[in-house]
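To start, the structure under review is shown below, and the notes come after it.
Proteins come first, then strands; the chains are lettered A, B, ... in the order of their sequence lines, and each starts at number 1. Keep in mind that this is a model prediction, so the values were computed, not measured. Reckoned from all heavy atoms, side chains included, excluding hydrogens, waters and symmetry mates.
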Protein chains: 2
Amino acid sequence: MIGYMKRDSRLSSVLHALLHMAELDDPMTSEQLARCLNTNPVVVRRTMGFLRRAGIVVSDRGHAGGWRIASDLAAITLRDLHNALGEPDVFAIGHRHEAPDCLVEQSVNAALDETFAEVQALLLKRMAHVTLADLADDFARRHTVRNSHHKEHEQDA
Amino acid sequence: MIGYMKRDSRLSSVLHALLHMAELDDPMTSEQLARCLNTNPVVVRRTMGFLRRAGIVVSDRGHAGGWRIASDLAAITLRDLHNALGEPDVFAIGHRHEAPDCLVEQSVNAALDETFAEVQALLLKRMAHVTLADLADDFARRHTVRNSHHKEHEQDA
DNA sequence: TTTTCATGTAACCTATCATGTTACATATAG
DNA sequence: CTATATGTAACATGATAGGTTACATGAAAA
């Protein structure tokens, strides 16, 4: 890999999973999702468990069990998912000491916190405006474009 | 600690260091800075080295050596420091696969990238507007406020 | 009811990475 | 020359996201 992994890729993972689930009508098992996500079924259960506890998905055990989306795609936002995942830290940049004695460090921390808090607020606002339905539409559009490109190529050849 | 450490606290560190340096007229040694920052002189050299290579600070070896700020405080922005540090990842949230085969995952990644890129742009813009002089002023103001609070307490007692 | 298939979860392993540390080379003022 | 400073390589440490194993629990099918 060129770069390196972000600290938390669960949001990306659950989005990926949810969109696959949205395409199918039957529930998907952790096993199936794990294959989609290139990961382990236990990791899927662990991560999807956050969404279950938030009421975003439903899981059924036993035969014909698996994971289902609980509500309408248009009603689930990125912000909902972020919240469900426990509102993990957004930024990889921050200060080391939470409550430093040094007045200079306090001042630096306060200034940085102010800037980062404002930006985080914007991010959360944006995330609250993007729904799963939007992403599904995005996907459909891209897929269509890709197909028409294919056709153009076929015509070229 | 309650939360956990952010992945990169170097921006906070160099700000802390630079403000201490700004208060003094003489150069400060890595040893002195390390005491201020509660860290190791080698870590200071390593981190400040980025600023040296970017021309933000100057280091002198030998007797009476140490670190000095190269230019005016009003000319150095948070963005400059961020750039000097190699423009590290701003977000702790991201996707796992840089170039996934799965079309769904591609779509998810693109949507997330779009949102995060916009927010990152705002952050960098904000950082470009905050100078070391601003932070020094902030500090002076806070320090004054704190002193007057002290005086009030003394009057109360 | 027994079997099979699914989730739920605890407990551990592993890779990665920021930071800390040791050791030593290099430069410079006195 | 010596003392004092940075420069840097090499390695240690600690935290953590994600992977893995093992097993309990529950539900449908046989």
What is the separation between atom [atom1] on [X] and atom [atom2] on [N], rounded to the nearest whole Å?
X	N	atom1	atom2	result
Arg35(B)	dA5(D)	CZ	P	10 Å
Arg61(B)	dA27(C)	CZ	P	6 Å
Arg96(A)	dT19(C)	CZ	C1'	8 Å
Ile93(A)	dA18(C)	CD1	P	11 Å
Arg7(B)	dT16(C)	CZ	C1'	10 Å
Lys6(A)	dT16(D)	NZ	C1'	17 Å
Leu33(A)	dG19(D)	CG	P	14 Å

Exercise. Where along residues 8-30 of chain B does a heavy atom come under 4.0 Å from DNA chain D, residue by residue in number order?
Worked result: Thr29(B), Ser30(B)
For this session: Check the side chains of His97(B) and Glu105(B) for a donor-acceptor pair under 3.5 angstrom, ignoring hydrogens and angles.
Result: yes
Problem set entry | Check: His95(A)/Asp113(A) side-chain N/O donor and acceptor closer than 3.5 Å | yes
Exercise. Ser59(B) side chain N/O closer than 4.0 Å to the phosphate oxygens (OP1, OP2) of dG7(D)?
Worked result: yes
Exercise. For DNA chain C, what residues of residues 38-57 of chain B have any heavy atom nearer than 4.0 Å?
Worked result: Thr39(B), Asn40(B), Val42(B), Val43(B), Arg46(B)
For this session: Evaluate whether atom CD of Glu23(A) has more than 12 neighbouring non-hydrogen atoms of other residues, nucleotides or ligands under 6.0 angstrom away.
Result: yes
Exercise. When you measure from the side chain of Thr47(B) to the backbone N and O of Val43(B), does any donor-acceptor pair fall under 3.5 Å?
Worked result: yes
Exercise. Taking the six-membered ring for Trp, are Phe116(A) and Phe91(A) parallel (under 30°), tilted (30 to 60°) or perpendicular (over 60°)?
Worked result: perpendicular
For this session: Not counting sequence neighbours, which residues clear side chain to side chain contact (heavy atoms under 4.5 Å, CB included) with Arg45(A)? List them please.
Result: Ser30(A), Pro41(A), Val42(A), Trp67(A)
Tell me, which pairs form a salt bridge (Lys or Arg N to Asp or Glu O under 4.0 Å) where one or both residues lie in [range], sequence neighbours left out?
range	answer
residues 77-86 of chain A	none
residues 54-68 of chain B	Asp60(B)-Arg68(B)
residues 124-137 of chain A	Arg126(A)-Glu118(B)

Seminar exercise, completed: Contacts of His63(B) and Ala64(A) projected onto DNA chain D by closest heavy atom; the upstream (5') one is His63(B)
